[in-house]
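The structure displayed is predicted, hence computed values, not measured ones. Heavy-atom basis, side chains included; hydrogens, waters and symmetry copies ignored.
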Amino acid sequence: MKKVIVAMIAVSMVATGGLVASCSLIRSGGGVRTEQVKHENAIEVSNIEDYSSLNGSGSGWGFVRKKGKAPEIPAAQSKMLEKYNGKYLDHSKEKNLYLTFDEGYENGFTAVILDTLAKTDTPAAFFVTGPYLEGQSELIKRMIDEGHIVGNHTVHHLNLPKQPVETVQSEITSLNDKCEELYGYKMTYMRPPEGEFSERTLAVTNDLGMKTIMWSFAYKDWDVNTQQGADHAYESVIPYLHDGAVILLHAVSSDNANALERIITEAKNEGYSFKSLDNLYK
């Protein structure tokens with residue numbers, strides 16, 4: 001089986017086909033827990049007194065795609081994610097789809113995407129970074145006003161397992177606070193940059209009351225210099241739809257923007273329903 005390891009800007013392409021990991025739109029730039037940080041929505045998984053007792057080694061999110069079926073996820077990864085209140089798939093066996101976009105920077109296509117979502121009455125989630133949150137106020141307001149979820153993609157899009165605990169906490173809480181300050185909107189979902197997490201960062205995220213959202217489908221769509229047209233996007237997405245899929249697309253892609261209405265229409269014709277991420281936690 002052919003495999004592809006995908007990353008957003010620093011891309012390592014092993015072959016064409018199946019193994020998918022994420023994402024790096026912007027770049028900038030495990031300590032010891034000194035204080036127990038808990039949020040009312042955090043799930044108690046253990047009595048952790050010190051984050052340094054947890055594995056801090058980074059684990060890239062990767063999987064083997066299968067046409068029409070959920071991907072193969074390493075059991076250790078999926079169990080660790082779900083232990084700390086994270087999700088990558090709706091396990092209900094229902095024909096639900098969850099449309100998510102990563103927003104590291106604006107490339108002129110998000111308004112078109114929002115227009116399509118409004119036209120087709122489709123909910124989505126947009127995971128944004130600090131510069132996007134502060135620099136794209138009109139688009140952020142549209143996302144909120146039109147009923148979409150605005151998610152946390154950290155302030156600086158750092159590789160979190162490589163950071164001390166205090167930095168991980170700051171990267172998440174600072175963006176939450178800024179979003180609430182600017183828009184009166186409380187973030188509850190978080191997607192780790194580059195698809196990299198560790199047990200330690202998952203525990204920190206959960207303790208902050210945030211739900212980690214990964215994905216069960218992605219393709220190489222983020223390179224703005226290798227866009228191949230709307231047909232390519234359509235043909236890259238539709239064969240891999242599966243029950244409960246959390247779909248990751250990048251809003252910098254002209255291919256995605258131009259194919260989105262057709263993708264949504266065909267998915268609905270195949271009996272799928274698009275749901276809000278909130279449905280994952282009912």
Could you go step by step and tell me if Tyr183 and Ile140 meet the side-chain contact (heavy atoms from CB on, under 4.5 Å) rule?
CA-CA 8 Å; Tyr183 306 104; Ile140 296 290; 3.6 Å; yes
Would you say [X] and [Y] make side-chain contact, with heavy atoms under 4.5 Å?
X	Y	answer
Pro193	Leu158	no
Glu166	Val204	no
Met214	Phe197	yes
Ser170	Val168	no
Leu260	Leu99	yes
Tyr98	Asp90	yes
Thr212	Arg191	no
Leu249	Tyr219	yes

So, is the end of the Lys268 side chain (NZ or CZ) under 6.0 Å from the ring centre of Phe274 and within 45° of the ring's axis?
no
Of the non-hydrogen atoms in [X] and [Y], which two are nearest, and what is the gap between them?
X	Y	answer
Tyr132	Leu139	OH-CD1, 3.3 Å
Ala70	Leu89	CB-CD2, 4.1 Å
Ile263	Ala233	CD1-O, 4.1 Å
Ser236	His232	OG-O, 2.7 Å
Gly62	Pro74	O-CD, 3.7 Å
Val224	Val252	CG1-O, 3.7 Å

Given the rule that I, L, V, M, F, W and Y join up when any side-chain heavy atoms are under 4.5 Å apart, are Leu114 and Val112 in one cluster?
no
State plainly whether one hydrophobic cluster holds both Phe109 and Tyr234, where clusters connect Ile, Leu, Val, Met, Phe, Trp and Tyr through side-chain heavy atoms under 4.5 angstrom apart.
no
Short side-chain to backbone donor-acceptor contact, [X] and [Y], under 3.5 Å:
X	Y	result
Tyr272	Gly244	no
His250	Asp221	no
His242	Tyr240	yes
Gln227	Asp223	yes
Asn152	Met190	no
Asn256	Ala251	no
Asn279	Lys275	no
Glu180	Tyr185	no
Thr129	His157	no
Ser53	Asp50	yes

So that I can tick it off, tell me whether [Y] and [X] are bridged by a salt bridge, with the cut-off set at under 4.0 angstrom between side-chain N and carboxylate O.
X	Y	answer
Glu199	Lys83	yes
Asp231	Arg262	yes
Asp243	Lys93	no
Glu82	Lys87	no

Could you go through the side-chain hydrogen bond (donor to acceptor under 3.5 Å, both in side chains) check for Ser59 and Glu196 one step at a time?
CA-CA 6 Å; Ser59 177; Glu196 289 276 344; over 6 Å; no
Name of the residue among Glu103, Glu138, Arg142 meeting side chain to side chain donor-acceptor pair (under 3.5 Å) with Thr110
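The option that passes is Glu103.
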Would you check, one step at a time, whether the test side-chain contact (heavy atoms from CB on, under 4.5 Å) holds for Ser198 with Leu202?
CA-CA 6 Å; Ser198 66; Leu202 288 174; over 6 Å; no
So Phe126 and Ile113, side-chain contact (heavy atoms from CB on, under 4.5 Å) or not? Walk me through it.
CA-CA 11 Å; Phe126 295 85; Ile113 290 169; 4.2 Å; yes
Does a donor on one side chain and an acceptor on the other come within less than 3.5 Å for [X] and [Y]?
X	Y	answer
Glu261	Thr120	no
Ser216	Arg65	no
Asp207	Tyr51	yes

Spacing of [atom1] belonging to [X] relative to [atom2] belonging to [Y], to within rounding of 0.5 Å:
X	Y	atom1	atom2	value
Leu280	His91	CG	NE2	9.0 Å
Leu277	His148	CG	NE2	12.0 Å
Asn159	Glu194	CG	CD	4.5 Å
Met210	Tyr189	CE	OH	10.0 Å
Thr154	Gln163	OG1	CD	9.5 Å
Met143	Ile149	CE	CD1	12.5 Å

Less than 6.0 angstrom separating the ring centers of Trp61 and Tyr88, yes or no?
yes
Trace of the side-chain contact (heavy atoms from CB on, under 4.5 Å) decision for Leu117 with Ile264
CA-CA 9 Å; Leu117 296 175; Ile264 290 171; 4.1 Å; yes
Atom CG of residue position Asp121 - does it have more than 12 heavy atoms of other residues, nucleotides or ligands inside 6.0 Å?
no
